[in-house]
Amino acid sequence: MQHNYDLFVIGAGSGGVRAARIAAKHGARVAIAEDHRIGGTCVIRGCVPKKLLVYGSEFAQSFRDAAGFGWTVENARFDWPTLRDNVQAEVTRLEGLYRKNLEAAGVAVYEERARVEGAQTIRLEKSDRVVSAERILIAAGGHTYRPLELKGQELAITSSDAFHLKQLPQSIVIAGGGYIAVEFASIFSGLGVSTTLLYRGEKILRGFDADIRTHVQNELTRTGVNVVTNAVFTDIAIGPDGRRRVSLSNGMAMDVDQVMFAIGRVPNTSGLGLESAGVALRENGAVIVDQYSRTNVASIFAVGDVTDRINLTPVAIREGHAFALTQFAGKPTHFDHADVASAVFGRPPAAAIGLTETDARARLGRVSIYRTTFRPMKNILAGNEQRTMMKLVVEDETDRVVGVHLVGPEAPDLIQVAAIAVKAGLTKAQWDETCAVHPTAAEELVLMGEPVSHDNEAPA
Ligand code: NDP
């Protein structure tokens, strides 16, 4: 049977677009459907607009730091609509580039919702058409989790709404302690918003090394974010003055202008018709795939956040690329999910690759820990108390650096380079053979001579 397409991709985000382009490059007849905007979470309501807001929020500190270097910055004022609209204009520009690249690759673009109707059949909802494809790739991403059982939850915004606020609130409470919560708490507080971060546990950024978690939480508090731990919302209501009144499980209540959920994301599989084709899903709705992104149905594949493996843009891109090479270029390829670096763009940013100290001790036994904290050179003249933290986790038996954990202004860029060394399995001795670049913060990475703890000792 001749299908309409060799590949039909559902979702034009990072993973779907890459897969579509690579498959088309290898001669496949490819179509892609997107019911929102081309570019997906990363470009439209994630990494890109977020990072631009982070840049915008950093100026206030830079203006304060400038005085120590002799500058007088007078009448500095911030205008939210200018930043918001400029960010959106950039998002629109990138969306256009994504569309152009798809079209240039010969991919048919359907800007409407697509639903799976069978193992090789897709229904396009708006145009009410049915098309067939030899292979279907689910790359539908995820969306912010909203606790529907919470009274007044509809009064809260999510990160997707935060990019479009008519005006900047004077105060906000953000629930969550992960990437999005920390990044938006940093953005809002940097822009002068009175910010509360509400986390259900003791220490934010679960999954990161304990030293990163402590350092970031202390820095958020030091820079004026009100970090409330061991509590969740019990109720959100409209207060007497029209603001939001939030009640917390610890008995506290507060009146704020905005409330935001950043308590995780959910795979976009609801209503996608996957059950009708017999595709197996996890309890949270994630599509179950093997290392080649194959589902249990031979013609259906999935990549990116919809599979809830490692929910990061570069991972989705690699998964999409590997899928296309395997299926359309005759080159079986799978992405190695080990040692993927990531960064939290807070103020200051944090970044990590490899094993945390706790995981390394549990898995490898004897490890040595190298750690330094210092005030970067620039902060001394600036009178800025922000400190940088760098930590290496080294396996004693092999001397391999198995974990790097950083907090500081350059952390996200440094971790990209450190990731090469960790992925390559380089030893601490090899790190130390590398000559320092002076004066930089990065040089500390090759200058940590003595361990602070080793041989299964508890961390210092
Ligand atoms: P995360 O999984 O990072 O964090 C979710 C947070 O919400 C955790 O602190 C979690 O607490 C808390 N939480 C979960 N459920 C509840 C609940 N019912 N009530 C109260 N708190 C709750 O999710 P995010 O939404 O921040 O981000 C989603 C994913 O997107 C990230 O994991 C990451 O993969 C990706 N991302 C990456 C970014 C980057 O690379 N810079 C930026 C933004 C997102 P607990 O720890 O106790 O479970």
Side-chain angles (χ1 to χ4, degrees), residues 13-15 40-55 141-151 153 156-163 173-187 196-210 212-213 216-217 220 227-236 246 248-250 259-268 284 286 304-319 337 340-353 356 406-407 411-413 415-416 419:
S14 304
T41 299
C42 174
V43 174
I44 306 297
R45 53 189 172 274
C47 328
V48 170
K50 178 275 306 288
K51 181 120 190 223
L52 293 171
L53 291 190
V54 169
Y55 283 133
H143 64 274
T144 317
Y145 169 66
R146 220 174 230 286
L148 294 178
E149 68 289 354
L150 176 71
K151 203 160 148 257
Q153 59 80 21
I157 62 167
T158 67
S159 54
S160 306
D161 308 310
F163 297 112
V173 52
I174 302 174
Y179 288 83
I180 298 179
V182 169
E183 292 179 344
F184 275 89
S186 302
I187 289 168
T196 297
L197 185 68
L198 175 69
Y199 177 50
R200 66 178 174 182
E202 181 69 36
K203 202 161 274 180
I204 59 170
L205 292 179
R206 189 166 61 83
F208 281 85
D209 187 88
I212 283 195
R213 298 172 72 184
V216 171
Q217 191 155 320
L220 284 174
V227 181
V228 177
T229 55
N230 296 312
V232 293
F233 294 136
T234 51
D235 182 75
I236 308 171
V246 296
L248 309 184
S249 54
N250 62 5
V259 183
M260 179 171 153
F261 292 126
I263 55 175
R265 290 175 60 83
V266 187
N268 277 336
N284 70 350
D305 287 8
V306 81
T307 64
D308 195 23
R309 285 177 278 182
I310 299 179
N311 298 331
L312 297 172
T313 293
V315 173
I317 290 172
R318 289 294 189 100
E319 290 168 355
H337 289 83
V340 172
S342 76
V344 185
F345 292 89
R347 209 160 38 93
I353 174 141
T356 64
L406 310 172
V407 185
D413 286 279
I415 208 73
Q416 179 66 85

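The shown structure was predicted, so the numbers you read here are calculated from the model rather than taken from an experiment. Below, all heavy atoms of this structure are taken into account, side chains as well, without hydrogens, waters or symmetry copies. Note that ligands are numbered from 1 as they come in the structure, with each ligand's atoms numbered from 1 the same way.
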Which atom pair, heavy atoms only, marks the closest approach of [X] to [Y]?
| X | Y | result |
| --- | --- | --- |
| Arg265 | Thr41 | NH2-OG1, 3.4 Å |
| Pro349 | Ala411 | O-CB, 3.8 Å |
| Asn268 | Gly142 | ND2-O, 3.3 Å |

Considering only the protein, which heavy-atom contact is closest to [atom], and what is its distance?
| atom | value |
| --- | --- |
| atom 9 (O) of ligand 1 | Gly177 N, 2.9 Å |
| atom 31 (C) of ligand 1 | Tyr179 CD1, 3.5 Å |
| atom 35 (C) of ligand 1 | Asn311 O, 3.2 Å |
| atom 44 (C) of ligand 1 | Ile180 CG1, 3.6 Å |
| atom 1 (P) of ligand 1 | Gly178 CA, 4.1 Å |
| atom 28 (C) of ligand 1 | Arg265 CD, 3.7 Å |

Could you tell me whether [X] approaches ligand 1 through its side chain, its backbone, both or neither, with non-hydrogen atoms closer than 4.0 Å?
| X | result |
| --- | --- |
| Ala343 | backbone |
| Leu312 | side chain |
| Ala262 | backbone |

As a quick check of understanding, evaluate side-chain contact (heavy atoms from CB on, under 4.5 Å) for Ile157 and Phe184, giving each step before the final call. CA-CA 12 Å; Ile157 62 167; Phe184 275 89; over 6 Å; no
Would you mind running through ligand 1 and noting each atom that sits below 4.0 Å from a heavy atom of Lys50?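 Once the distances to Lys50 are compared, the set is 41 (N), 42 (C).
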Going by the atom numbers of ligand 1, which of them fall below 4.0 Å from some non-hydrogen atom of Tyr199?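 The list of qualifying atoms is 9 (O), 11 (O), 45 (P), 46 (O), 47 (O).
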Pick out which of Val227, Leu205, Ile187, Ile174 makes a side chain to side chain contact (heavy atoms under 4.5 Å, CB included) with Val182. Leu205
Single hit among Leu406, Val216, Val407 for side chain to side chain contact (heavy atoms under 4.5 Å, CB included) with Pro348: Val407
Return the option from Val182, Leu150, Ile263 holding the heavy atom at the smallest distance from atom 21 (N) of ligand 1. Ile263
Proximal candidate to atom 18 (N) of ligand 1 [heavy atom criterion; set Arg200, Lys51, Glu202]: Arg200
Considering distance alone, does some N or O of [X] sit under 3.5 Å from an N or O of ligand 1?
| X | result |
| --- | --- |
| Val344 | no |
| Phe345 | no |
| Ser342 | no |
| Glu183 | yes |

Any side-chain to backbone donor/acceptor pair from Thr229 onto Lys203? Under 3.5 Å, distance only. no
With His143 via ring pair (Phe, Tyr, Trp, His ring centres under 6.0 Å) - residues at least two apart: none
Within less than 4.0 angstrom of ligand 1, does Gly264 place any heavy atom? yes
For a side-chain contact (heavy atoms from CB on, under 4.5 Å) check, start with the C-alpha distance between Ser342 and Phe208, then their side-chain angles and the critical distance, and finish with the verdict. CA-CA 10 Å; Ser342 76; Phe208 281 85; 4.0 Å; yes
What residues, two or more places apart in sequence or in another chain, satisfy side-chain hydrogen bond (donor to acceptor under 3.5 Å, both in side chains) together with Glu202?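 Asn230.
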Side chain to side chain, Asn250 and Val228, heavy atoms closer than 4.5 Å: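 A side-chain contact under 4.5 Å exists here.
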